[in-house]
Enquirer: 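Let me begin by handing over the structure; questions about it come next.
This chain uses plain numbering: 1 for the first residue, then up along the sequence.
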Amino acid sequence: MEKVTDLNHSPRLKELLIMYISRKYEENARFDDWHLFEEYKLLKKHNELDELFKEECLTNRLNDENYRSSNKTGNDKQ
């Protein structure tokens, strides 16, 4: 596996970190590259990178529920 040294070539990782940090730190969240990469290193150090994928799963579920609830009709077959 290739070592991540910055977020310039990892747009999906950067996006996941932004979602994770946004939820975790709320109004105290910092989204500059330095803070994003520091959070990545912290997650990696504590063997918690799976938190990024949990965040993605949660976000996907929430987006799907929001999509379904905004498109409900009287004869919805879900």
Enquirer: Using side-chain contact (heavy atoms from CB on, under 4.5 Å) as the criterion, list what pairs up with Leu49, not counting sequence neighbours.
Expert: Tyr40, Leu43, Lys44, Leu52
Enquirer: Let me confirm one number: the OG1-NZ distance from Thr5 to Lys41, rounded to the nearest 0.5 Å.
Expert: 10.5 Å
Enquirer: Using side-chain contact (heavy atoms from CB on, under 4.5 Å) as the criterion, list what pairs up with Thr59, not counting sequence neighbours.
Expert: Met19, Glu55, Asn63
Enquirer: My understanding is that only residues two or more places apart in sequence, or in another chain, count here; which of them pass side-chain contact (heavy atoms from CB on, under 4.5 Å) with Asp50?
Expert: Glu48, Lys54
Enquirer: How long is the straight-line distance from SG of Cys57 back to CG of Leu62, given to the nearest 0.5 Å?
Expert: 9.5 Å
Enquirer: How many angstroms lie between CD1 in Ile21 and CD in Glu38, if you round to the nearest 0.5 Å?
Expert: 10.5 Å
Enquirer: Could you go through Glu56 and Tyr20, starting from their C-alpha distance and side-chain angles, then the distance that decides it, and tell me whether this counts as side chain to side chain donor-acceptor pair (under 3.5 Å)?
Expert: CA-CA 8 Å; Glu56 181 180 32; Tyr20 172 78; over 6 Å; no
Enquirer: Which pair of non-hydrogen atoms, one from Ala29 and one from Ser22, has the smallest distance, and what is that distance?
Expert: CB-CA, 4.2 Å
Enquirer: Roughly how far, to the nearest 0.5 Å, is CG of Leu36 from CG of Leu16?
Expert: 11.0 Å
Enquirer: In Å, rounded to the nearest 0.5 Å, how long is the span from CG of Leu17 to CG of Leu13?
Expert: 4.5 Å
Enquirer: Please say whether more than 12 non-hydrogen atoms of neighbouring residues, nucleotides or ligands are located less than 6.0 Å from CG in Asn8.
Expert: yes
Enquirer: Are Glu39 and Lys24 packed together at the side-chain level, in the sense that at least one heavy-atom pair is separated by less than 4.5 angstrom?
Expert: yes
Enquirer: So if you build clusters from Ile, Leu, Val, Met, Phe, Trp, Tyr with side-chain heavy-atom gaps below 4.5 Å, do Phe53 and Ile18 land together?
Expert: yes
